[in-house]
Amino acid sequence: MQKILNYINGELVAPISDSYIENIDPSTGKIYSLCADSDDHDVALATDAALAAFPAWSNTSSSDRSKVMLKIAALIEENLEALALAESIDQGKPLWLAKNGEIPRAQANIHFFGTAIEHFASEAHPMGNHALNYTLRTPIGVVACISPWNLPLYLFTWKIAPALAAGNCVVAKPSEVTPMTAFLFSKICIEAGLPKGVLNIVHGLGPKVGAALTSHPNIPVISFTGGTKTGAEIARVAAPMFKKLSLELGGKNPNIIFADCDFEKTVKESVRASFTNQGEICLCGSRIYIEASIYEKFKSAFVEEVKKLKVGDPLLPQTKVGAIASQLHYDKILGYIDLAKEEGGTILCGGKTAAVEERCKDGFFIEPTVIEGLNHLCRTNQEEIFGPVVTLQKFETEEEVIEFANSNNYGLACILFTENLTRAHRVAAAVKSGIVWVNCWLLRDLRTPFGGMKQSGVGREGGWEALRFFTEPKNVCIKL
Ligand code: TXE
């Protein structure tokens, strides 16, 4: 059976303990590869390799760093088919989605920061003829990048690209649930000629590898995407060590639909925002608030469209909703559907496991689920389910829906549909979230600040924000 190895000091190596975690294909429920079950010893090796590589890498010119990154980006493009297939098998997402969305975005992440670094500049603050201040922005050292299982290569590259472009060395940990594309990526880095030790990838469990990275004294920067509870644990360990932290955590995003929306487009886009990637995207809109005058009309059109979504074998082109990433997560989602019923919710469609034939009969599939009749403060509407489950609720006024939208501890994204421009600006300013999409969803420009408020995280990724995060600013003041 194929073994997923660590990438340390430019080589693919077995974990020191030589133990492995079984890696399961969620569409079949069967073990299909073995993933390195590394520990603090492997993290120590990787960190030493990164430390040794840092002086040379941080001293290369930005154009040299750019060159090797663009080579990596080109190799991702060349290996699109293989990477997309690996991602679909490992994560459960439809193959077409990996091929058209996720892997191209991973390529774009590397390409974007590989070119951005050539344009990165710092500031000068002249004080007339009196003095001149200028800001140096230098690479920091060895940084840890910890990523989740929902968009594996996409989120992995989103972190390591700015870190490497800015001149840092990286020890990265992909999710143990979906390690395969990071492993294939390490082979790409070798082929592209990335100098040894610049990027190290250590596979394994969060409480072992992740915790060892978080507490390592020679890793002063941590960039993390994952669950809010894990983010809190990382912050607890990192804060007394004064580490620099970027935390991209969960979301429970409102999707606000006003009566003056473009109805057909709104229904279509809302279905996409609810169920893309089985709803396993922190940006999905899971609390759908609909203005009372169009509630019934929207409900029937939306449910009709959701019922058309084909749940099935991720490898088939007609599949719209694939498998849930793991048995653990599948059980969690089904638990939330039971909770919604206990809380008085009515299931309008879905609400149970989906039977998928043939090779996928033992996989983890759940029907896209739409629920109504719940209060905005109940647990179903407060906690992140992170699956193909949304709730519908009506509202009477703009003030009321802003209150609903802001009634949650998360504050990552908000989606709103209206043809009234003034209202769009007003509501966008009033909702407490780091990202607002008006009449669209997941339209991304990599230059924009990306991240959340409240329990959705600390800091912003993307564009200059990311390059600034991965550099240390130093002001130099010269008396003239
Ligand atoms: O995430 P974890 P899980 C949400 C979603 C999901 C929940 C839990 O609601 O149900 O989080 O998912 C590593 N120190 N999101 O359990 O555990 C872990 O190995 C350092 C939202 O899979 O947060 C993995 O690499 N690292 C999210 C990464 O952290 C630790 C996407 C994320 O795993 C660690 C995924 C520790 N103590 C889940 N423990 C989003 N916002 O996109 C675990 N890890």
Side-chain angles (χ1 to χ4, degrees), residues 21 23 26 35-40 43 90-93 102 144-156 158-160 171-179 181-182 201-216 219 222-238 243 245-253 276-284 286 324-336 364 366 379 382-389 408-413 433-435 442 450-452 454-459 461:
I21 307 159
N23 190 25
C35 172
D37 180 10
S38 314
D39 58 29
D40 52 339
V43 168
D90 215 21
Q91 204 272 342
K93 68 181 76 247
E102 183 162 343
C145 296
I146 303 175
S147 56
W149 48 258
N150 57 329
L151 303 169
L153 193 63
Y154 172 144
L155 290 175
F156 186 73
W158 181 234
K159 293 188 175 306
I160 63 171
V171 183
K173 192 201 108 48
S175 171
E176 61 273 30
V177 180
T178 53
T181 46
I201 302 175
V202 184
H203 293 276
L205 301 170
K208 280 162 84 176
V209 177
L213 286 169
T214 309
S215 59
H216 199 293
I219 299 182
I222 301 165
S223 175
F224 169 79
T225 299
T228 294
K229 266 195 195 148
T230 316
E233 168 62 12
I234 289 174
R236 189 189 64 75
V237 175
K243 297 193 178 205
L245 279 185
S246 167
L247 303 173
E248 294 299 332
L249 310 175
K252 183 77 179 179
N253 309 304
T276 298
N277 205 47
Q278 301 72 246
E280 294 165 331
I281 304 182
C282 53
L283 304 165
C284 281
S286 52
I324 302 301
S326 67
Q327 166 111 52
L328 195 71
H329 195 53
Y330 168 84
D331 291 340
K332 178 181 153 183
I333 297 168
L334 291 175
Y336 270 111
F364 314 132
I366 296 178
R379 277 185 59 205
Q382 288 292 315
E383 297 175 17
E384 186 183 37
I385 301 175
F386 213 63
V389 180
N408 196 280
N409 285 331
Y410 292 105
L412 186 54
S433 66
I435 300 157
L442 206 53
F450 177 88
K454 302 193 274 184
Q455 293 193 10
S456 289
V458 178
E461 297 183 318

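Just follow the structure's listing: the first ligand is 1, and inside any ligand the first atom is 1. Fair warning: this is a prediction, and the values are worked out from it, not measured in the lab. One is the number of the first residue; the rest follow in order along the sequence.
- Here atom 7 (C) of ligand 1 lies nearest to K332 when heavy atoms of K229, E248, K332, E383 are compared.
- When all heavy atoms are compared, the tightest approach of I333 to F386 is CD1-O, 4.0 Å.
- For I234, every heavy-atom contact with ligand 1 shorter than 4.0 Å involves the side chain, none the backbone.
- Looking only at protein heavy atoms, the nearest one to atom 16 (O) of ligand 1 is W149 NE1, 4.6 Å.
- A donor and an acceptor atom, one from each side chain of N409 and K454, are nowhere located under 3.5 Å apart.
- Across all their heavy atoms, S456 and G411 have their closest contact at OG-N, 2.9 Å.
- Side-chain atoms of N150 and N277 form no donor-acceptor pair, as typed in the model, at a separation below 3.5 Å.
- In this structure, the protein non-hydrogen atom closest to atom 41 (N) of ligand 1 is L249 O, 2.8 Å.
- Under 4.0 Å from ligand 1, not a single heavy atom of V209 appears.
- Per-residue contacts place E176 under 4.0 angstrom from the following atoms of ligand 1 (heavy atoms of the residue considered): 18 (C), 19 (O).
- Between the CD1 atom in I146 and the OG atom in S223 there is a gap of 8.5 Å [rounded to 0.5 Å].
- In terms of protein heavy-atom proximity, atom 37 (N) of ligand 1 is closest to E233 CG, 3.9 Å.
- Going from atom CZ of F450 over to atom OG1 of T225 covers 7.5 Å, rounded to the nearest 0.5 Å.
- With hydrogens left out, the protein atom closest to atom 40 (C) of ligand 1 is C282 CB, 3.6 Å, a heavy atom.
- Ligand 1 places these atoms under 4.0 Å from at least one heavy atom of T230: 2 (P), 17 (O), 23 (O), 30 (C), 34 (C), 36 (C), 39 (N), 43 (C), 44 (N).
- Here the shortest heavy-atom pairing between A212 and V43 reads CB-CG2, 3.9 Å.
- Proximity of P174 to ligand 1 is established by a heavy-atom distance of less than 4.0 Å.
- From I324, atom CD1 reaches atom NZ of K332 across 11.5 Å, with rounding to the nearest 0.5 Å.
- Remark: K252 does not engage E383 in a salt bridge, criterion side-chain N to carboxylate O under 4.0 Å.
- Close contacts of ligand 1 with K173, meaning ligand atoms under 4.0 Å from a residue heavy atom, involve 13 (C), 18 (C), 19 (O), 25 (O).
- Below 4.0 Å from some heavy atom of S147 lie the following atoms of ligand 1, by number and element: 24 (C), 25 (O), 28 (C).
- Within a 4.0 Å radius of atom 25 (O) of ligand 1, the protein contributes at least one heavy atom.
- Each of the following atoms of ligand 1 lies closer than 4.0 Å to a heavy atom of H329: 10 (O).
- A salt bridge does not link E248 with K159: none of the charged nitrogens is closer than 4.0 Å to a carboxylate oxygen.
- Residue K229 places its NZ atom among 12 or fewer non-hydrogen atoms of other residues, nucleotides or ligands, all under 6.0 Å distant.
- Of all atoms in ligand 1, listed by their number and element, those nearer than 4.0 Å to a heavy atom of P148 are 31 (C), 35 (C).
- Distances below 4.0 Å separate heavy atoms of A211 from the following atoms of ligand 1: 14 (N), 20 (C).
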(request) Give the C-alpha distance, both sets of side-chain angles, the deciding distance and a yes or no for side chain to side chain donor-acceptor pair (under 3.5 Å) between Q91 and W149. (result) CA-CA 7 Å; Q91 204 272 342; W149 48 258; over 6 Å; no

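- Ligand 1 has no N or O atom lying under 3.5 Å from any N or O atom of G204, backbone or side chain.
- Of all the atoms in ligand 1, the ones that sit under 4.0 Å from a non-hydrogen atom of F224 are 23 (O), 28 (C), 29 (O), 32 (C).
- Between K173 and V202 the shortest heavy-atom distance is CG-O, 3.3 Å.
- Looking at atom 4 (C) of ligand 1, its nearest protein heavy atom turns out to be E384 OE1, 3.3 Å.
- If you check which protein heavy atom lies closest to atom 1 (O) of ligand 1, you get G227 N, 3.9 Å.
- For atom 33 (O) of ligand 1, the nearest protein heavy atom lies 4.0 Å or farther away.
- Looking at atom 36 (C) of ligand 1, its nearest protein heavy atom turns out to be G206 O, 3.6 Å.
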